[in-house]
Structure formats: structure tokens, C-alpha cells
Amino acid sequence: MPEGPTIVLMKEDLQKFVGEKVIEVSGSEVPENSEIKGEILREIKTFGKQTYLIFDKIIFKVHLMMFGSYSLYKRKDIDTLRLGLAFKDGGMYFYTCVVKVIDESFLLKIDWEADIMSDKWNPEKTEQTLKAAPKMMICDALMNQDIFSGVGNIIKNEALFRVGIHPESLNGNLPPKKLKEIIAEARNYGFDFKKWKKANVLSKHFQIYHQKNCPICGAEVTNKDSGKSKRMSFFCENDQKLY
DNA sequence: GCGAATGTTTCCCG
DNA sequence: CCGGGAAACATTCG
């Protein structure tokens, strides 16, 4: 379910509870003896695919992994409730996900400039990071959450297609112009992803991801596990150049 | 019903 | 000690 843009949408959904007091707590990941009841949700932050729920006495880190989901009401059809927080007029419920309690120092160590969806996103720094790893494949760089936080396999494939770069190209072989292009496109596609996801039309806009034929030349789309991350890449041999 | 999939961490082995 | 590989988690969809 989640890549960075989906998590940003989730945050927008949950934002209305910020400033409200917790009335009831539930879920398998609620720590013993924690006094969350009565606490006020101070802030919600996201970093890539992670979400932080910040209270005075406790901070939760939520990661939906591959199959996680959330709802604003308690779903009875799912028995893997990890964390549920009820407020006066509704609540937030996280299922099948990883929930951890962290402390403030954890938040201070986060490099917010690496988040493709953030206002703090820093393309120049990303360029330097990629240049410093010339033998890394661009597909691995994109999936690396320390470099392109929030990018998942969909964004990786679609962004690479848009700029005509083969997923197995090495960072160091990319001409400066192409390097800048893919960095810009990772974020740009992230916002298209968000817009389409919100309108429930995301998969309609896939050009290469799980597609049969290239929309440019009509050739059959190649798919193979690529890079160290061994995640499926979808690409067109004709229209995406291997650098 | 099988297999794959928008993800990450951990463990085992050479 | 390091890197690679597989396993683990667990749900939905085709």
C-alpha cells in the first residue's frame, strides 16, 4: 500500500486529530504501563514512508511496510490492530504494521533533506551523494531510503521511464544533465503519484510499471530483478538508455 | 488456489 | 568482519 506520497495523504487524513486528547488506547503494540490516555497529540511528522505521532510523554513511529493499512474507525474485519487511538470525534487505527516507541533524539538524527515529499528536499545534496557512489546502480540509489526517502518501486520505475534512463545504469556513468533529471523527476513523480492516488486513478497512469508494451515504441516491456535491492524493474530497452 | 506484490529487518552462511 | 541470500512478517489481488 504505501510509498511516500501515500503516507503524506495519510498524514493529511490524520491531521484533524492534532491538538486533541486521547480518550482510549488499543492495539498489540501499546507498551505496558504507558500513560497515553489523556495525552494530547501534539504533532504528526512524516519522513519518507515513516509516520511519527508526537505526544509529550511518548513518540510513536509507524511504518506500514508492504501490507499495512489504517482507518479512521475501528475495523472489525482485521485482527492485526497494532495501535488504535480514539479521540472525541473519531480515531486513528493502524493495522499490520510496525509500531515502535522512539525518543526525541531519534527525530533529531533524521536528515529531513532526504525526503522527496518534503519542503526541505535538497536536490543538490542528493546529487553530491550520488556522485560519491559512482558504482551504485541508479535503481538501488532510488530505493535507498537514506538517499531518496519515500521512493518505492512504483516511483522508481515510472521516474526512470520518464527520463529515459535504464534502471541498471551506474550513477557515475550518468551525464550531469541526466543525473539532475532523475533527481528532479523522483520528486516530481511523487507529487503526480499523490494527486492520482488521491483521485483513485493512480494505476491508470502507469506508463511502464506492470505494463506490457512501451507507450513510446510499442516494444514489449522488459521486467527483471535488478540491482542489489533485487526489486523488479520494468523498462523499455529502446527508450531507456543504459549508461 | 497459487503466486506475486507499493517494504524492511534479521539471521545464517561462506 | 563483510556481503549475499534467504527468511520472516502478513494481506490483497488477479
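First the proteins, then the strands, lettered A, B, ... as listed; each starts at 1.
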Flag the pair A:Lys88 and A:Glu20 as a salt bridge only when some basic side-chain nitrogen lies within less than 4.0 angstrom of an acidic carboxylate oxygen.
no
Across all chains, not counting sequence neighbours, the side-chain hydrogen bond (donor to acceptor under 3.5 Å, both in side chains) partners of A:Asn122 are A:Glu113
Atom pairs under 3.5 Å: protein N/O with N/O of nucleotides 11-13 of chain C:
residue, atom, partner, partner atom, Å
C:dT11, OP1, A:Thr80, OG1, 3.3

Quick one: which protein N/O atoms are closer than 3.5 Å to N/O atoms of nucleotides 11-13 of chain B? Pair and distance per line, please.
none

Exercise. Quick one: do A:Leu53 and A:Leu81 end up in the same hydrophobic cluster if we chain Ile, Leu, Val, Met, Phe, Trp and Tyr together by side-chain heavy atoms under 4.5 Å apart?
Worked result: no
Expected list for residues 112-122 of chain A near DNA chain B, using heavy atoms below 4.0 Å, is none
In whole Å, what separates the C1' atom of C:dG5 from that of B:dT6? 23 Å
Between CG of A:Leu64 and P of C:dC9 the distance, given in whole Å, is 19 Å
In terms of side-chain geometry, is the basic nitrogen of A:Lys180 or A:Glu124 positioned less than 4.0 Å from the acidic oxygen of its partner? no
query = Can you tell me if A:Asp140 uses its side chain to pair, donor with acceptor, with the backbone of A:Ser229 under 3.5 Å?
reply = yes
Looking at A:Arg231 and A:Asp225, is any side-chain nitrogen of the basic one under 4.0 Å from a carboxylate oxygen of the acidic one? no
**Electrostatic pair A:Arg162:A:Glu158 at N-O distance under 4.0 angstrom** = no
In short, ring pair (Phe, Tyr, Trp, His ring centres under 6.0 Å) pairs touching residues 170-191 of chain A with sequence neighbours left out are none
The single option from A:Leu160, A:Ile116, A:Leu142 that satisfies side-chain contact (heavy atoms from CB on, under 4.5 Å) with A:Ile155 is A:Ile116
Self-check item: B:dG1 to C:dC9 separation - P atoms, rounded to the nearest Å
Solution: 22 Å
In whole angstroms, the gap separating P of B:dT6 from CG of A:Leu142 amounts to 14 Å
For A:Ile110, the hydrophobic cluster (side chain heavy atoms closer than 4.5 Å, chained through members) also holds A:Phe47, A:Tyr52, A:Ile54, A:Ile59, A:Ile102, A:Phe106, A:Leu107, A:Trp112
Residue pairs passing the ring pair (Phe, Tyr, Trp, His ring centres under 6.0 Å) test with at least one member in residues 71-90 of chain A, sequence neighbours excluded, are A:Phe17-A:Phe87
Looking at A:Glu127 and A:Lys125, does any basic side-chain N land under 4.0 Å from a carboxylate oxygen? no
So the ring pair (Phe, Tyr, Trp, His ring centres under 6.0 Å) pairs with at least one residue in residues 218-243 of chain A (sequence neighbours excluded) are A:His166-A:Phe235, A:Tyr209-A:Phe234, A:His210-A:Phe234
query = Do A:Lys197 and A:Glu3 meet the salt-bridge criterion of a basic N to acidic O distance under 4.0 Å?
reply = no
A:Ile208 atom CD1 is separated from B:dT6 atom C1', nearest whole Å, by 17 Å
query = Any sub-3.5 Å donor-acceptor pair from A:Asn157's side-chain atoms to A:Met232's backbone N or O?
reply = yes
Check this for me, if you would: do A:Lys37 and A:Glu24 make a salt bridge, where the nitrogen-to-carboxylate-oxygen distance has to be below 4.0 angstrom? yes
A:Asp225 CG to B:dG7 P, in whole Å, measures 13 Å
A:Glu3 CD to B:dA5 P, in whole Å, measures 14 Å
Close N/O contacts between protein and nucleotides 8-10 of chain B (under 3.5 Å):
residue, atom, partner, partner atom, Å
B:dT8, OP1, A:His63, NE2, 3.4
B:dT8, OP2, A:Lys49, NZ, 3.2

Across all chains, not counting sequence neighbours, the side-chain contact (heavy atoms from CB on, under 4.5 Å) partners of A:Ile78 are A:Ser69, A:Arg75, A:Thr80, A:Tyr95, A:Thr96
Heavy-atom closest pair (A:Ser169 atom, A:Leu174 atom, distance to 0.1 Å) is CB-CD2, 4.2 Å
Pairing string of DNA chain B (Watson-Crick or G-U wobble, both atom distances under 3.5 Å; | = paired to other strand) is .||||.||||||||
A:Leu9 atom CG is separated from B:dT6 atom P, nearest whole Å, by 19 Å
Using atom names, set out every protein N or O paired with an N or O of nucleotides 5-8 of chain C below 3.5 Å, distance rounded to 0.1 Å.
residue, atom, partner, partner atom, Å
C:dG5, OP2, A:Lys230, NZ, 3.3

